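Worth saying up front: this structure is predicted, and the values here are computed from it rather than measured.
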Amino acid sequence: MRLTSSRAVLAFLLLLLLHCWHSGLAHKSALTVVENTDGGQAVGGDEEEEATVDEDKDEGDLEVVQPTEDWHTLRPGQAVPAGSHVRLNLQTGQREVRLGEEQLKYWTQEHSERGEVKPSFSPDELKRAMKKIKEDLNSVSGDAKRQDSVASKYRPIEELKRDMAQLELLVETDVQIMRRLLEQLNSSNSTTEQRLSVLLELEYLVHQVDNAQTLCSMGGLQVILQGLNSSDFRLQESSAFVLGSALSSNPVVQVKAMESGALQTLLTILATAQPLRVKKKVLFAVAALLRHFPYAQRHFLSHGGLQVLSELFREDASGVLRTRVVTMLYDMISEKELISQTGLDPVLDASHEERVRQYSKVLLQAELLEKGWCSLVPQLLESAEHDYREKALRALLAMAPVCLEQYRLDSSLLGSLLSLRDQYQESVLSEMILGEENGYFAEIVELIDALQVKIK
C-alpha cells in the first residue's frame, strides 16, 4: 500500500516536471503573427504547430520576414505574414517558415502566367550597370548642350525670312539678269569698262542653252552684233566671245544668227586688219556657227569664206590661227563624210535623208582644191608644235580624195613625212621604255604611215 502510494507520488511529480518543461518550451518558442491583407494568422508547431502571439513586443519593433516557397529559418524577434506555414525543426530546434498553401498556389500561378524568372545579378554587374546609366545620362546631357550650342550660332529660317522681307531683297532670275544687262549695254551712259563687264557676265550666262535662246528673243543678238562693229577692239573681242558661246551646240541660235546676218559680219572682220586676239575670238564664233549646220556652211562657201581663210592662213606666221583654220576645215569634211555613210538607219531617224540632201549641196572638196588648200595645209607640218602637226596630218588624210595627185607631186611634203616619221619613231621607243605602248607619239606615227600608204 505504501509502495503504491510512493509510485503514485513519483508519477505525479514526473507529470508535473514534464508539464513545466513543456510550458517553458512553449513560452520560449512563442511566435509572433502579423496581420496580412488577406486576413488570417500563421500557425506553427513541432511539424506545423500553432504559433502564439507575444503581446509584450511592440509591433513597430518587429522585423517582418517575407516567406518564399522554400523553408527558411526564423531568428528570434522576426515576424511572418498571416497565412504563412511555420514549423519547429525537432532535429535543429529552429523555427522555419515558408509560404502557406494559398500563398504558394497564388505565387506559382501568377509567375507562371507572366513567365517571370527571378534574375540573378552579382554585385560587380550591378556596379557596371549603374556606371553605364550614369555615362548615358552624361552623354544625353552633353548632346543636348552641344545641340543648344550649335543652334545658338544660327538664326531660325522664319526669322531670316522676316528680315529679308523687311529689307525687300529681290532674288533675280537669269531672265531678269539678262534683261538688266542688255539695258546697261544699250545705255548711252555706260562706259566702255561697264560694257566689257556686262559682256563678260552675258558670256557666262549664255553657256546654258535656254539662256542663249532667251537672249535672242529679247533682241540681244542684234546688240551683240553691234558690238562686233564697234571701233574698240576690246568690245569686238568680247562680243565675238559671247556670240560664239551662244552659238555652241545651239541650233536655234544658229538659225537666228544666220537670219540676222552674223556670218557676213564675222567674215568681214576676218578679212580686215584686226588684232590677233580679235580674230581668234571671231574664228571661234565662225566655227560655232558652221558646226553641224550645212545651210550655214553652204553660205560660207558662196560668200568666199574659204578665200578669206586662205588669206588668213598665209598671213599668220605664229601658227595659232593656222591651226584653228585647219581644225575647222577638218571638222567640216568629217561631218559630211559621216552623214554620207549608210550606217545610220533612215527608219530610226526620219531627218537623215534631209541632212544628206543638205550636205550634198556643200561642195567643200572642190572648193578646197580650187582655193589651193592642198598645198597650204602641208605647211603646218613645219611647226614645232606636236599638236599643230597632228591636226595637219588629220586634215591631209581627210583631203586626200581630192588632193592625192598634188600630194604625190609635192616633194617637200614627202620629205617632211619621212623626217617626221624618223623623229617620232624615236619618241615611240622612249614611250615603250616607259611602259606606254599606245602613247601619243605612236598615234602620230600611225597617221604618217596612213598618209604615206595613200600617197603610194
For [X] against [Y], the heavy-atom pair lying closest together:
X: A296; Y: L263; answer: O-CD2, 4.0 Å
X: N211; Y: V206; answer: CB-CA, 4.4 Å
X: L369; Y: Q406; answer: CD1-NE2, 3.2 Å
X: V209; Y: N250; answer: O-ND2, 3.3 Å
X: W373; Y: P378; answer: O-CD, 4.3 Å
X: Y407; Y: C374; answer: CE2-O, 3.8 Å

Any sub-3.5 Å donor-acceptor pair from [X]'s side-chain atoms to [Y]'s backbone N or O?
X: Q254; Y: L289; result: yes
X: R95; Y: V86; result: no
X: S334; Y: D331; result: no
X: R298; Y: K361; result: no
X: S248; Y: G244; result: yes
X: S419; Y: G415; result: no
X: Q176; Y: T173; result: yes
X: K391; Y: V326; result: no
X: Q236; Y: N229; result: no

Take E354 and R357 through the test salt bridge (Lys or Arg N to Asp or Glu O under 4.0 Å) and record every step on the way to the result.
CA-CA 5 Å; E354 176 61 22; R357 186 188 66 82; 2.4 Å; yes
Could you tell me if the side chain of [Y] sits less than 4.5 Å from the side chain of [X], heavy atoms only?
X: E337; Y: Q365; answer: yes
X: L420; Y: Q423; answer: yes
X: F300; Y: V362; answer: no
X: I224; Y: L199; answer: yes
X: L221; Y: L243; answer: yes
X: S245; Y: F284; answer: yes
X: I455; Y: L417; answer: yes
X: Q307; Y: S310; answer: yes

In chain order, what residues pass the side-chain contact (heavy atoms from CB on, under 4.5 Å) check against [X], with sequence neighbours excluded?
X: T214; answer: V175, M178, S217, M218
X: V445; answer: R421, Y424, Q425, V428, D449
X: T92; answer: N89, Q94

Can you tell me if [X] and [Y] form a side-chain donor-acceptor pair at under 3.5 Å?
X: Q222; Y: Q226; value: no
X: Q297; Y: E335; value: yes
X: E390; Y: Y440; value: yes

Output the distance between atom [atom1] ([X]) and atom [atom2] ([Y]), rounded to the nearest 0.5 Å.
X: R291; Y: S249; atom1: CZ; atom2: OG; value: 7.0 Å
X: R195; Y: S230; atom1: CZ; atom2: OG; value: 8.5 Å
X: S239; Y: L228; atom1: OG; atom2: CG; value: 5.0 Å
X: L283; Y: L309; atom1: CG; atom2: CG; value: 6.5 Å
X: L301; Y: E367; atom1: CG; atom2: CD; value: 5.5 Å
X: D174; Y: L205; atom1: CG; atom2: CG; value: 5.5 Å

Aromatic plane relationship, H299 with Y295 - under 30° parallel, 30 to 60° tilted, over 60° perpendicular
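Judged by the thresholds at 30° and 60°, the geometry between Y295 and H299 is tilted.
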Within 45° cone and under 6.0 Å: K281 NZ/CZ vs F241 ring
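Verdict for F241: a cation-pi partner in K281.
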Write out all pairs satisfying salt bridge (charged side-chain N to carboxylate O under 4.0 Å, His left out) with one or both partners inside residues 206-233, taking only residues at least two apart or from two chains.
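Salt bridge (charged side-chain N to carboxylate O under 4.0 Å, His left out) check on residues 206-233 returns D232-R234.
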What pairs meet the ring-ring contact (aromatic ring centres under 6.0 Å, His included) rule with one or both residues in residues 194-238, with sequence neighbours excluded?
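Residue pairs with at least one partner in residues 194-238: there are none.
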Could you give me the CA-CA distance, side-chain angles and deciding distance for S190 and Q184, then say whether side chain to side chain donor-acceptor pair (under 3.5 Å) is met?
CA-CA 6 Å; S190 299; Q184 295 179 11; over 6 Å; no
Between E443 and R394, does any side-chain N to carboxylate O distance fall below 4.0 Å?
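Here E443 pairs with R394 in a salt bridge, since their nearest N and O are under 4.0 Å apart.
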Is a salt bridge present between K256 and E259, judged by a nitrogen-to-oxygen distance below 4.0 Å?
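So K256 does not pair with E259 through a salt bridge.
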Can you confirm whether more than 12 heavy atoms, excluding those of K371, are under 6.0 Å from its NZ atom?
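Yes, NZ of K371 has more than 12 neighbouring heavy atoms, counting only those of other groups under 6.0 Å.
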Decide side chain to side chain donor-acceptor pair (under 3.5 Å) for D70 and T68; before the verdict, give the C-alpha distance in whole Å, the side-chain angles of both, and the deciding distance to 0.1 Å.
CA-CA 5 Å; D70 298 324; T68 64; 4.9 Å; no
Using side chain to side chain contact (heavy atoms under 4.5 Å, CB included) as the criterion, point out the one residue from L270, V286, V325 that pairs with V308.
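Answer to the side chain to side chain contact (heavy atoms under 4.5 Å, CB included) test with V308 among L270, V286, V325: L270.
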Check against side-chain contact (heavy atoms from CB on, under 4.5 Å), I448 and L418
CA-CA 9 Å; I448 295 174; L418 292 174; over 6 Å; no
Could you walk me through whether Q379 and L376 pass the side-chain contact (heavy atoms from CB on, under 4.5 Å) check?
CA-CA 6 Å; Q379 296 179 18; L376 287 176; 3.9 Å; yes
Tell me, with the steps shown, if S260 and L225 meet side-chain contact (heavy atoms from CB on, under 4.5 Å).
CA-CA 9 Å; S260 302; L225 293 178; 3.8 Å; yes
Using the side-chain contact (heavy atoms from CB on, under 4.5 Å) rule, take I333 and M399 through it: C-alpha gap first, then chi angles, then the decisive distance, then the call.
CA-CA 8 Å; I333 297 171; M399 295 188 304; 3.6 Å; yes
With sequence neighbours left out, write down each residue that passes side-chain hydrogen bond (donor to acceptor under 3.5 Å, both in side chains) with S318, or none if nothing qualifies.
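By the side-chain hydrogen bond (donor to acceptor under 3.5 Å, both in side chains) rule, S318 matches D316.
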